[in-house]
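To start, the structure under review is shown below, and the notes come after it.
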Amino acid sequence: MTTKRRSPGIPAEFARRVLTVVRRIPRGRVATYGDVAALAGRPRASRAVGNIMRNCAAPDVPCHRVIAAGGRLGGYGGQEITKRSMLAQEGVLFHGRRIADFRTVRVKVPSRRSRS
DNA sequence: TGGTTGACGGTGG
DNA sequence: TCCACCGCCAACC
């Protein structure tokens, strides 16, 4: 099992939240590590999200829908071309190494500044 | 217990 | 537009 958490009962739950958030990303959409982190409750834990994604041992988690900021592919298990292809199959258009309509396919994240 | 790593984010040059 | 530096957070050794 990949359940080798060092801190039982602590932020280990954060990892679970991250996986849940990623799992909620609809097909044809993408989210940045920062977005996932924010949705998980830690808008500054983008790096931690990357580490969790690295573990990404759950087939239910479309880790390929998680990209870096600016619409860049970011990293992946090996070739970014793979990640790009998977997204392309979902309808995500690319413009070179970046997503063409990044702002369109990006999941909506409630900004704490956007308060009526 | 403490330090290093890493699929990042943002700013500056 | 691209590269480099610094900052933040969780997991691993």
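Every chain is numbered from 1 and lettered A, B, ... according to where its sequence line falls, protein lines coming before strand lines.
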- Message: One pair to check against side-chain contact (heavy atoms from CB on, under 4.5 Å): A:Val61 and A:Met53. What are the steps and the verdict?
- Response: CA-CA 9 Å; A:Val61 183; A:Met53 290 286 106; 4.3 Å; yes

- Message: Taking atom types as they are modelled, would you say the side chain of A:Arg47 forms a donor-acceptor pair with the base of B:dG9 within the 3.5 Å cutoff?
- Response: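 Absent.
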
- Message: Any donor-acceptor pair, under 3.5 Å, between the side chain of A:Tyr33 and the base of B:dA7, if you only look at N and O atoms?
- Response: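 Looking at the base of B:dA7, it does pair with a donor or acceptor on the side chain of A:Tyr33 (distance under 3.5 Å).
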
Which one, [options], comes nearest to the side chain of [X]?
X: A:Arg44; options: C:dC9, C:dC2, B:dG9; answer: C:dC9
X: A:Ala45; options: C:dT1, B:dA7, C:dC9; answer: C:dC9
X: A:Asn55; options: C:dT1, C:dA11, B:dA7; answer: C:dA11

Can you measure [X] atom [atom1] to [N] atom [atom2] for me and round it to whole angstrom units?
X: A:Asp35; N: B:dC8; atom1: CG; atom2: C1'; result: 12 Å
X: A:Met53; N: C:dA11; atom1: CE; atom2: P; result: 12 Å
X: A:Arg98; N: B:dG9; atom1: CZ; atom2: P; result: 12 Å
X: A:Arg17; N: C:dA11; atom1: CZ; atom2: C1'; result: 18 Å
X: A:Glu13; N: C:dA11; atom1: CD; atom2: C1'; result: 16 Å
X: A:Ile52; N: B:dC8; atom1: CD1; atom2: P; result: 13 Å
X: A:Arg16; N: C:dA10; atom1: CZ; atom2: C1'; result: 17 Å

- Message: Pick the closest DNA chain C nucleotide for A:Ser46 and for A:Arg97 by heavy atoms, then say which residue is nearer the 5' end.
- Response: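 Whichever sits nearer the 5' end wins; that is A:Arg97.
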
- Task: Identify whether any heavy atom of A:Ala48 sits under 4.0 Å from a base atom; if not, whether one sits that close to sugar-phosphate; answer base, sugar-phosphate or nothing.
- Result: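 Base contact.
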
- Using the closest heavy atom to pick a nucleotide of DNA chain B for each, name whichever of A:Asn51 or A:Thr32 lands nearer the 5' end.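 Taking each residue's closest nucleotide, the earlier one in sequence belongs to A:Asn51.
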
- Task: Answer yes or no: are there more than 12 heavy-atom neighbours, outside A:Arg97 itself, under 6.0 Å from its atom CZ?
- Result: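 No.
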
- Message: Surrounding CZ of A:Arg84 (heavy atoms of other residues, nucleotides or ligands, distance under 6.0 Å), is the total greater than 12?
- Response: yes

- Message: It should be established whether A:Arg54 places a side-chain nitrogen or oxygen under 4.0 Å from OP1 or OP2 of nucleotide C:dA11.
- Response: no

- Task: Please answer whether the main-chain N or O of A:Gly34 pairs with a side-chain N or O of A:Arg44 as donor and acceptor at a distance below 3.5 Å.
- Result: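 No, the answer is negative, given that no donor and acceptor are paired below the 3.5 Å cut-off.
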
- Message: One pair to check against side-chain contact (heavy atoms from CB on, under 4.5 Å): A:Leu87 and A:Arg65. What are the steps and the verdict?
- Response: CA-CA 7 Å; A:Leu87 290 172; A:Arg65 287 179 193 160; 4.0 Å; yes

